[in-house]
**Q** 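I have a structure here, written as structure tokens, and I will follow up with some questions on it.
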Amino acid sequence: MAQGIVAVIPIRSFSDGKTRLSHLLSPVERRALIEEMFERVVSAVRASGTVARTAIVSPDPEVLMTAGRLGNDVVAIRQDKDRPGLNEAANIGREWAESIGADAMLVLFGDLPLITPADVQSLVRRDAPVVIATDRHGAGTNGLMLRLGGASGGRAFRFSYGPESRQRHVEEADRLGMESITAIGIGTAFDLDTVDDLERLEATNEALPAVRAIDRLSREQTA
């Protein structure tokens, strides 16, 4: 195991998320989906054999309690209300990574339903100081591998999540003189936010149990 590499998984809440699916899924269904995706991401990271420790960064006490029960290689970090948003969550994760002397950090979203250990390995084992795992549209950033040690510049890197974040992260790496590469993998490219995403996931053999249940109920109601 590469002791110098850690993962950071920001997640806002189990119960207050995926609101763009609220007209299609009940709160119970959305919660089940969010929890299963989170578990899939954490499991992929741990099974990859490439990450020493994982930090779950969240403002939600329930998420933190769940993270605290996952084992000694997972740490729960509270995101204070005065530091909201995904960019601050990544900053908080970097502060933790630096405090334990990590050489690199991998930030992954918690809504990657197809991610596998091989996807994590692919990102971690690349040599570039900045590795951007883009979404399937080539616009967003679903994963970001950032080298922190030496003169890499990773400690000064400004996270810029949101629409078109991939290009902003490339430009930030350029500003710091850091080489960056963009990686496209099935497991990291597919994030779930919209009805179209849900329909695409339903059509795969890798659909999560919650998605299969939703699909089954939908067919039963229309039969």
Side-chain angles (χ1 to χ4, degrees), residues 1-2 5-14 17-18 20-21 30-58 63 66-67 70-71 73-76 86 89-90 93 97 102 104-126 128 130-146 159 161 165-166 169 181-194 196-215:
M1 180 179 292
I5 300 174
V6 298
V8 174
I9 303 174
I11 179 166
R12 185 176 62 183
S13 171
F14 289 143
K18 301 304 168 190
R20 281 187 279 182
L21 300 174
R30 294 204 316 274
R31 179 190 177 93
L33 185 60
I34 293 168
E35 287 184 332
E36 287 185 7
M37 288 191 293
F38 169 73
E39 291 169 3
R40 174 97 182 213
V41 175
V42 173
S43 294
V45 169
R46 300 174 88 178
S48 73
T50 59
V51 173
R53 300 185 72 188
T54 300
I56 310 301
V57 181
S58 178
V63 173
T66 298
L70 291 178
D73 61 329
V74 177
V75 59
L86 186 54
M105 63 181 287
L106 173 62
V107 184
L108 284 172
F109 284 176
D111 62 348
L112 303 175
L114 299 180
I115 194 169
T116 67
D119 292 310
V120 178
Q121 292 165 356
S122 176
L123 295 176
V124 168
R125 290 172 178 170
R126 296 175 187 257
V130 180
V131 182
I132 302 166
T134 186
D135 61 19
R136 68 180 186 276
H137 307 292
T141 306
N142 286 343
L144 197 153
M145 181 70 185
L146 183 64
F159 298 104
Y161 288 101
S165 64
R166 185 198 69 84
H169 286 144
I181 60 173
T182 297
I184 301 176
I186 294 175
T188 51
F190 191 97
D191 55 334
L192 198 158
D193 285 306
T194 67
D196 179 63
D197 295 334
L198 185 62
E199 291 174 346
R200 285 174 179 267
L201 185 59
E202 288 173 348
T204 72
N205 292 327
E206 298 293 328
L208 297 167
V211 175
R212 291 197 294 269
I214 292 164
D215 185 40

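In what follows, every heavy atom counts, from backbone to side chain, and hydrogens, waters and symmetry copies are set aside.
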**Q** For M145, run the side-chain contact (heavy atoms from CB on, under 4.5 Å) check against V107, L108, I5, V130 and tell me which one passes.
**A**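 The side-chain contact (heavy atoms from CB on, under 4.5 Å) with M145 is passed solely by I5 among V107, L108, I5, V130.
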**Q** Return yes when atom CD1 of I186 has more than 12 non-hydrogen atoms of other residues, nucleotides or ligands closer than 6.0 Å, and no otherwise.
**A**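 It does not: I186 CD1 has 12 such atoms or fewer within range.
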**Q** Which atom names give the shortest non-hydrogen contact between G93 and M105, and what distance separates them?
**A** C-CE, 4.1 Å
**Q** What's the separation between atom CG in N142 and atom CD1 in I115, rounded to the nearest 0.5 Å?
**A**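 It comes to 9.0 Å.
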**Q** Say you draw a straight line from CZ of F14 to CE of M37; how long is it, rounded to the nearest 0.5 Å?
**A**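 The distance works out to 11.0 Å.
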**Q** Over all heavy atoms of both residues, which pair between A128 and I181 is shortest? Give the atoms and the distance, please.
**A**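 Closest approach of A128 to I181, heavy atoms only: CB-CG1, 3.9 Å.
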**Q** If every non-hydrogen atom of D73 is compared with every non-hydrogen atom of A52, which pair is closest and at what distance?
**A**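 Smallest heavy-atom distance, with atoms named: CB-O, 3.9 Å.
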**Q** Take the angle between the ring planes of Y161 and H169 and call it parallel below 30°, perpendicular above 60°, tilted in between.
**A**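 The rings of Y161 and H169 stand perpendicular, inter-plane angle above 60°.
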**Q** For the atom pair CG (D119) and OG (S48), what is the distance rounded to the nearest 0.5 Å?
**A**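 Interatomic distance, D119 CG to S48 OG, rounded to 0.5 Å: 10.5 Å.
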**Q** Does the side chain of E35 come within less than 4.5 Å of T66's, by heavy atoms?
**A**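 No - every pair of side-chain heavy atoms lies 4.5 Å or more apart.
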**Q** So do R40 and T116 actually touch side chain to side chain, heavy atoms under 4.5 Å?
**A**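 A side-chain contact exists here, since the closest heavy-atom pair is under 4.5 Å.
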**Q** Heavy-atom distance under 4.5 Å between the side chains of T141 and F159, does that happen here?
**A**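 A side-chain contact is absent here, since even the closest heavy-atom pair is not under 4.5 Å.
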**Q** Would you compute the distance between atom CD1 of I184 and atom CD1 of I132 and round it to the nearest 0.5 angstrom?
**A** 11.5 Å
**Q** Under the side-chain contact (heavy atoms from CB on, under 4.5 Å) test, which residues partner I56, sequence neighbours left out?
**A**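 By the side-chain contact (heavy atoms from CB on, under 4.5 Å) rule, I56 matches I9, I11, F38, V42, T54, V63, A67, V74.
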**Q** Taking all atoms of both residues into account, what is the closest heavy-atom pair of D135 and G140, and its distance?
**A**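 Answer, listing the atom of D135 first, then G140: OD2-N, 3.0 Å.
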**Q** Please give me the minimum heavy-atom distance between S58 and R12, naming the atom from each residue.
**A** OG-O, 3.4 Å
**Q** By side-chain contact (heavy atoms from CB on, under 4.5 Å), which residues pair with A133, not counting sequence neighbours?
**A**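 L123, T188.
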**Q** R53 side chain to V6 main-chain N or O, any donor-acceptor pair under 3.5 Å?
**A**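 Side chain of R53 to backbone of V6: no pair is present.
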**Q** Could you pull out the closest heavy-atom pair between V131 and A183, with the gap in Å?
**A** CG1-CB, 4.2 Å
**Q** Among all residues two or more places apart in sequence or in another chain, which pass the side chain to side chain donor-acceptor pair (under 3.5 Å) test with R125?
**A** none
